[in-house]
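Worksheet: the structure to be examined is printed underneath.
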Protein chains: 2
Amino acid sequence: MEPLVVRLRNRGWRLTAQRRVIAEVMAGEHVHLAADEVFDRARAVLPEVSRATVYNTLNELVGMGELLEMTHADGRKRYDPNVEERHHHLLCVDCGRMLDVTADDPSLPDDQRHGFELLGIEVTFRARCPACVRATATPS
Amino acid sequence: MEPLVVRLRNRGWRLTAQRRVIAEVMAGEHVHLAADEVFDRARAVLPEVSRATVYNTLNELVGMGELLEMTHADGRKRYDPNVEERHHHLLCVDCGRMLDVTADDPSLPDDQRHGFELLGIEVTFRARCPACVRATATPS
DNA sequence: GTCCCTGCAAACGTTTTGCACACAG
DNA sequence: CTGTGTGCAAAACGTTTGCAGGGAC
């Protein structure tokens with residue numbers, strides 16, 4: 001697939017310096033950033049980026065389907081640039097690190113559907129990452 | 001299992017009118033309420049309940065393991081009183097209604113564990129409920 | 001009587017919005 | 001040139017906290 005910035009230009013998206021930097025931050029990250037983290041990284045590259053523009057731009061990207069919005073238990077929204085492949089998430093409940101993983105979807109038995117029209121399935125594997133396991137291991 | 005209020009008293013929880021009302025609201029609801037919705041329902045029964053007490057009490061109940069805290073994509077925390085049986089959730093993405101369902105857990109292949117220590121699995125079936133499907137059906 | 005819980009209001013962190021100016025097209 | 005994106009600051013939102021008074025045990 002074409003790079004994110006190219007896809008956006010092809011959709012007639014007005015490309016400003018701020019938007020390009022924000023899109024590049026998202027495209028370059030494999031972790032799932034909160035808006036404020038995107039703001040920090042974007043500002044490091046281009047200081048004349050405002051918080052409002054980061055929020056506005058992220059919301060637009062979500063609306064265009066170029067970004068997935070997720071809610072991490074800390075109450076902040078996180079943004080996932082991986083919209084190409086279906087995937088689930090592996091979350092470290094201690095440090096908040098989140099990785100993409102692939103696993104089979106669970107299925108919902110007919111008698112549990114309650115007449116709902118199924119659209120998608122979200123799976124989060126709650127876990128502790130190696131670093132956090134090591135940090136709490138009984139010190140010798 | 002004993003009623004929630006009984007379990008709480010047995011743990012030495014100081015039982016005030018406000019706390020009892022909040023616990024009863026949670027016990028009586030099969031939906032997954034946000035703190036403000038709990039506040040409204042509690043105040044309908046007992047007007048002298050403050051928002052702060054609702055928040056404090058919900059956090060205590062979560063800490064005691066009598067309530068599960070979940071984050072619904074609208075950014076508000078929701079509280080699930082069903083701690084007895086393992087279950088997943090069926091969410092209407094239009095109106096936000098959320099039901100408990102039982103389904104098999106998906107499994108995470110070894111080559112996808114990245115060394116993490118698995119603790120639990122959260123599954124949300126994203127869907128549209130019958131009422132919302134009907135609301136958007138092509139009008140004849 | 002003691003200590004914990006309560007209400008109130010202010011503080012907090014995140015996200016949204018109103019407005020005049022600036023720049024991409 | 002025009003229309004849309006921008007920065008700034010203020011507001012909105014859900015939640016937490018500090019404090020003095022009150023009620024459960």
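Quantities reported herein were computed from a predicted structural model and do not represent experimental measurements. Note on naming: letters A, B, ... go to the chains in the order of the sequence lines (proteins, then strands), and numbering restarts at 1 for each one.
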Requested in this report: Might you point out which heavy atoms bring B/T136 and B/C132 nearest each other, and give the distance in Å?
Outcome: OG1-O, 3.2 Å
Query - D/dT15 OP1/OP2 closer than 4.0 Å to side-chain N/O of B/Y55 - result: yes
Requested in this report: Work out how much the helix from C/dG1-D/dC25 to C/dG25-D/dC1 bends between its end axes, five pairs an end, to the nearest 10 degrees.
Outcome: 40°
Query raised in the report: For B/R113, which residues count as a salt bridge (Lys or Arg N to Asp or Glu O under 4.0 Å) partner, sequence neighbours excluded?
Result: B/D110
Report task. Name the nucleic acid region contacted by A/A35, choosing base, sugar-phosphate or nothing; use a 4.0 angstrom heavy-atom cut-off, strictly under. Result -> sugar-phosphate
Query raised in the report: B/Y79 and B/M70: which non-hydrogen atoms are nearest, and at how many Å?
Result: N-CG, 4.5 Å
Query raised in the report: Where do B/F39 and B/V49 come nearest, in terms of heavy atoms and distance?
Result: CE1-O, 3.3 Å
Query raised in the report: Looking only at atom types and distance, does a side-chain atom of A/H32 sit under 3.5 Å from a main-chain N or O of A/M98, one as donor and one as acceptor?
Result: yes
Query - Between A/H88 and A/D105, a side-chain donor and acceptor under 3.5 Å - result: yes
Query raised in the report: If you take all heavy atoms of B/C129 and B/C92, which pair is closest and at what distance?
Result: N-SG, 3.3 Å
Query raised in the report: Tell me, which of residues 36-54 of chain A have any heavy atom that sits under 4.0 Å from an atom in DNA chain C?
Result: A/R51, A/A52
Report task. Could you grab the distance from atom OH of A/Y55 to atom CZ of A/R51, nearest 0.5 Å is fine? Result -> 6.5 Å
Query - Whether over 12 other heavy atoms sit under 6.0 Å from A/D104 CG - result: no
Report summary line: Taken in chain and number order and not counting sequence neighbours, the residues that satisfy side-chain contact (heavy atoms from CB on, under 4.5 Å) with B/S50 are B/A52, B/T53
Requested in this report: Quickly work out the A/N56 CG to D/dA9 C1' distance and round it to whole Å.
Outcome: 14 Å
Query raised in the report: Any ion pair linking A/E24 and A/R19 (charged N to carboxylate O, less than 4.0 Å)?
Result: no
Report summary line: Atom CZ of A/R76 and atom C1' of D/dT16 are separated, to the nearest Å, by 17 Å
Query raised in the report: Taking all non-hydrogen atoms of both residues, which atom of B/I121 and which atom of B/R86 are closest, and how far apart?
Result: O-NH2, 3.5 Å
Query - Closest approach of A/V123 to B/P106 (non-hydrogen atoms, all atoms of both residues) - result: CG1-CG, 3.8 Å
Report summary line: Note: chain A reaches DNA chain C at heavy-atom distances under 4.0 Å over the stretch, first to last nt, 5' to 3', of C/dT14 to C/dG25
Report summary line: Within residues 12-22 of chain A, the residues having a heavy atom closer than 4.0 Å to DNA chain C are A/R14, A/L15
